[in-house]
Amino acid sequence: MNVMQKMQENLKAEIKQAVLAAELASEAEIPMVILEQPKEKAHGDYATNIAMQLAKVAKKAPRQIAEDIVAQLDKSKASIKSVDIAGPGFINFFMDNQYLSNLIPTILEQDEAYGASNTGKAEKVQVEFVSANPTGDLHLGHARGASVGDALCNILDKAGYEVQREYYINDAGNQINNLALSVQARYMQALGKDFPMPEDGYHGADIIGIGETLVKEHGEALLEKTEEEQQSFFREYGLKIELDKLAKDLAQFRVTFDNWFSETSLYEEHKIVPAIELLKEKGYIYEQDGATWFRTTDFGDDKDRVLIKQDGSYTYLSPDIAYHKNKLDRGFDKLINIWGADHHGYIPRMHAAIQALGYDADTLGVEIIQMVNLFENGERVKMSKRTGKAVTLRELMEEVGIDAMRYFFVMRSADSHLDFDMDLAKSQSNDNPVYYVQYAHARICTMLKQADEKGIDYTDYNASILQSEKAEDLLKKLGEFTQVVADAAENRTPHRITQYIFDLAANLHSFYNAEKVINEDDLDATKARLALMQAVRITLANGMKLIGVQAPTSM
RNA sequence: GUCCCAGUAGCUCAGUAGGAUAGAGCAACAGCCUUCUAAGCUGUGGGUCGCAGGUUCGAAUCCUGCCUGGGACACCA
């Protein structure tokens, strides 16, 4: 618990004590004390609506209740400077902000660890994300999924969860056969032969490249293999190339995984039959029309789902159930899947599967990433998977840069559509929020460097000198960071972090324009401000790290 | 037709598990560089929170109906 949280807990305890002392309610009747931070500064640092909540129990007017509570408060004990009663019965607290100066030593000492908490209680969480089919390049939607997933993992980790990042490789279904056929066609075409692409083939340029590489490496030799051998060869070869490329692109995008899980392994290790058998034992399986059905309607799904088709093959749901059973068997307390919007219809049946396997529905949380629309020159760039003309992750990294992408993709809440403005992302101007935040960090670095060059050592700073309004705003903002990270983790809202660092950067710029940090005529104040700057720098850097954005020392 | 997500300033979006006069950024307008980076700061204007009911001390937030946009509704993956 950091300084800020400790102070809030003190305040809550003191309010509760006052309610009891005023005999307004019994211990059991007191609702949870909620402190909020008012938007208006005039409403204090914190406010509580407890008087309104108690109106029914105490059978008194809220304002009267508020006065009774205030009369019983021990101000000094809870570091309260003054108290107001306002509006319908809000109690506004103005805090003695002396405590804020304790923040700086805390932040400087914790450094890269600042913002960490044990909110997650070391719960084991697995996050599965991206999981794009290894049949082509990653595109815009995957990039958003990767950004959000990675940021969420970082945030969960910071908030005290034990996180594993996993990529599920869809290497077993039809799409891989199509990949093999597509590679074959491109190989034949590279040999100059007239060979048709399969109907559902992958038309991406990358596959053409694979065909050309194969010709370089093998010439016509592959033609001597049997058709079956060729299929198997093209399949393995294509898969390996595609996977290597995915991993490489993602790594460049600063996204890595702890585990790459192969769907095929579920077949090879015979995991699917036992999973279905388990559901059968529990009575959720029935046969009809020659197919095997899973009664997902028992768990609120619209209709039951087929697991084994008439022809004896599995639907996609079967390996998916086996996969999730496998995840749960690995001992995770919580599973999080990050899916594209086009998969949201799958959520009810996966929740059904989780429950049928004997777990609470909320053991699995599914985050839906809404679509990304790309805009360039004010116009929407149309994308088509068919023609392979979709904008790829790699192209975008080259064109707009990784920092801007990472920032933009988590900037909005994941479940709302995102308009990605290429021109804005590319622009090196104050319109671009990434630069705004990075610039704040770079500015501080410059100041710290200059102080260093002037031989100013601020290790013996006295933070309590920092009394200006701007300095206090900065300190308050700094103090919120740990709680913001914890909230972002619990609500799975990485965009909170971008909002936070943007606000913190704004406070920094505002401070910078109001006060000159280095003033050799007033060394005490200079030292205190330098320590403050270092604390802001650390917090900004930690925040940026959570969303995968670099913190430049100069710009 | 059924289900999911969204609808908040001219544009792009926040809105902290029901709270006070609904907030940012961009765009518009007016100012600030002999001083640590102007990629910055300060100020002004801008709203029927899609529409209509309901719940209560109090609703952008919860409930019902409707309108609009997007997505999903396979024994595809």
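Heavy-atom basis, side chains included; hydrogens, waters and symmetry copies ignored. Quick note on labels: first sequence line is chain A, next is B, and so on, each numbered from 1.
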Is there a side-chain contact between [X] and the phosphate of [N], meaning an N or O under 4.0 Å from OP1 or OP2?
X: Tyr202(A); N: A77(B); result: no
X: Arg529(A); N: C36(B); result: no
X: Lys303(A); N: C3(B); result: no
X: Ser416(A); N: A14(B); result: yes
X: Lys309(A); N: C76(B); result: yes

Nearest-Å distance once atom [atom1] is located in both [N] and [M]:
N: G15(B); M: C3(B); atom1: P; result: 27 Å
N: C51(B); M: U56(B); atom1: P; result: 23 Å
N: C49(B); M: A60(B); atom1: C1'; result: 5 Å
N: U12(B); M: G7(B); atom1: P; result: 12 Å
N: G71(B); M: G54(B); atom1: P; result: 35 Å
N: A27(B); M: U64(B); atom1: P; result: 42 Å
N: U16(B); M: C62(B); atom1: P; result: 10 Å
N: G19(B); M: U61(B); atom1: P; result: 11 Å

Suppose we screen for side chain to side chain donor-acceptor pair (under 3.5 Å). Which residues come up paired with Glu242(A), at least two apart in sequence or across chains?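 In terms of side chain to side chain donor-acceptor pair (under 3.5 Å), with neighbours along the sequence ignored, Glu242(A) is linked to Lys245(A).
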Which pair of non-hydrogen atoms, one from Leu179(A) and one from Tyr202(A), has the smallest distance, and what is that distance?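 That would be N-CE1, 3.8 Å.
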The side chain of [X] is closest to which nucleotide in this list: [options]?
X: His495(A); options: G19(B), A14(B), A77(B); answer: A14(B)
X: Lys516(A); options: A77(B), C36(B), A14(B); answer: C36(B)
X: Arg412(A); options: G15(B), G19(B), U12(B); answer: U12(B)
X: Tyr436(A); options: C75(B), C41(B), G19(B); answer: C41(B)
X: Arg496(A); options: C36(B), G15(B), A77(B); answer: G15(B)
X: Ala47(A); options: A20(B), A39(B), C75(B); answer: A20(B)

Nearest-nucleotide 5' precedence on RNA chain B, Lys470(A) against Met447(A):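 That would be Met447(A).
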Closest-nucleotide mapping onto RNA chain B: is Thr446(A) or Gln310(A) further toward the 5' terminus? I mean the 5' end.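 Going by which nucleotide is closer to the 5' end, it is Thr446(A).
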Establish, yes or no, whether the cationic atom of Arg349(A) lies under 6.0 Å from the six-membered ring centre of Phe294(A) and within 45° of the ring axis.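 The answer is no, since Arg349(A) fails at least one limit relative to Phe294(A).
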Once you round it to whole Å, what is the distance between [atom2] of [N] and [atom1] of [X]?
X: Leu474(A); N: C41(B); atom1: CG; atom2: P; result: 13 Å
X: Trp339(A); N: C5(B); atom1: CH2; atom2: P; result: 15 Å
X: Tyr435(A); N: C26(B); atom1: OH; atom2: C1'; result: 17 Å
X: Leu532(A); N: C36(B); atom1: CG; atom2: C1'; result: 14 Å
X: Asp320(A); N: C75(B); atom1: CG; atom2: C1'; result: 16 Å
X: Asp423(A); N: A27(B); atom1: CG; atom2: P; result: 14 Å
X: Asp304(A); N: C75(B); atom1: CG; atom2: P; result: 11 Å
X: Asp419(A); N: G25(B); atom1: CG; atom2: C1'; result: 15 Å

Proximity to RNA chain B (any heavy atom under 4.0 Å), residues of residues 502-514 of chain A only: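 Result for residues 502-514 of chain A: Phe502(A), His509(A), Ser510(A), Tyr512(A), Asn513(A), sorted by number.
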Checking Arg305(A) against Asp301(A) for the salt bridge (charged side-chain N to carboxylate O under 4.0 Å, His left out) test, could you report, in this order, the C-alpha distance in whole Å, the side-chain angles of both residues, the deciding distance, and whether it holds? CA-CA 9 Å; Arg305(A) 307 293 171 176; Asp301(A) 195 9; 2.9 Å; yes
Is the base of C33(B) syn or anti, where syn means the angle lies within 90° of 0?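 What C33(B) shows is a syn base, its glycosidic angle lying within 90° of 0.
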Can A17(B) be described as syn, meaning its chi torsion is within 90° of 0, or is it anti?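 This nucleotide is in syn.
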Would you call the rings of Tyr314(A) and Tyr267(A) parallel, tilted or perpendicular, where under 30° means parallel and over 60° means perpendicular?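 It falls in the tilted class, 30° to 60°.
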With a 3.5 Å distance limit and no angle check, can you tell me whether Ser182(A) reaches the backbone of Gly201(A) through a side-chain donor-acceptor pair?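 Here the side-chain-to-backbone pair does not exist.
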Requiring both pairing distances under 3.5 angstrom, list the stems that contain RNA chain B and are made of three or more consecutive Watson-Crick or G-U pairs.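 Stems (3+ consecutive pairs) listed as B:1-7 with B:67-73, B:10-13 with B:23-26, B:28-32 with B:40-44, B:50-54 with B:62-66.
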Exceeds 12 heavy-atom contacts within 6.0 angstrom, atom NZ of Lys449(A):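 Open: at most 12 neighbouring heavy atoms sit under 6.0 Å from NZ of Lys449(A).
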How about Glu490(A): does its CD atom have over 12 heavy atoms from other parts shown lying under 6.0 Å from it?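 Yes.
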Donor-acceptor contacts under 3.5 Å from residues 513-521 of chain A side chains, at least two apart:
from: Asn513(A); atom 1: ND2; to: His509(A); atom 2: O; distance (Å): 3.0
from: Glu515(A); atom 1: OE2; to: Ser468(A); atom 2: OG; distance (Å): 2.5
from: Asn519(A); atom 1: OD1; to: Asp521(A); atom 2: N; distance (Å): 2.9

What's Asn491(A) touching, base or sugar-phosphate or nothing? Going by heavy atoms closer than 4.0 Å.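 Since no nucleic acid heavy atom lies under 4.0 Å of Asn491(A), the category is nothing.
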Would you indicate what Asp415(A) reaches in the nucleic acid, counting non-hydrogen atoms under 4.0 angstrom: base, sugar-phosphate, or nothing?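 Counting heavy atoms under 4.0 Å across all strands, the contact made by Asp415(A) is with sugar-phosphate only.
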Nearest 0.5 Å, please: how far is NE2 in His343(A) from CD1 in Ile369(A)?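 Reported to 0.5 Å precision, the distance equals 13.0 Å.
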Please write out each protein N/O paired with an N/O of nucleotides 67-70 of chain B under 3.5 Å, distance rounded to 0.1 Å.
none

With a 3.5 Å cut-off and heavy atoms only, can you find an N or O donor on one side and an acceptor on the other between the side chain of Asn92(A) and the base of A20(B)?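 In this structure, the two groups form a donor-acceptor pair.
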Classify the side chain of Asp342(A) and the base of G71(B) as holding, or not holding, a donor-acceptor pair under 3.5 Å.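 For Asp342(A), whose side chain was compared with the base of G71(B), there is no donor-acceptor pair (under 3.5 Å).
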Are any of the side-chain nitrogens in Glu128(A) or Lys327(A) under 4.0 Å away from the carboxylate oxygens of its partner?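 A salt bridge links Glu128(A) with Lys327(A).
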I would like to know whether Asp403(A) and Met544(A) meet side chain to side chain contact (heavy atoms under 4.5 Å, CB included); could you show each step before the answer? CA-CA 9 Å; Asp403(A) 287 334; Met544(A) 284 189 266; over 6 Å; no
Applying side-chain contact (heavy atoms from CB on, under 4.5 Å), name anything that partners Asn133(A), two or more places apart in sequence or on another chain.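 Once residues adjacent in sequence are excluded, the partners of Asn133(A) under the side-chain contact (heavy atoms from CB on, under 4.5 Å) criterion are Thr135(A), Asn170(A), Gln175(A).
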Could you point out which residue of Val70(A), Val83(A), Asp84(A) forms a side-chain contact (heavy atoms from CB on, under 4.5 Å) with Phe93(A)?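 The single option meeting the side-chain contact (heavy atoms from CB on, under 4.5 Å) with Phe93(A) is Val83(A).
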Is there a side chain to side chain contact (heavy atoms under 4.5 Å, CB included) between Asn373(A) and Leu418(A) once you walk through the steps? CA-CA 6 Å; Asn373(A) 294 319; Leu418(A) 177 75; over 6 Å; no
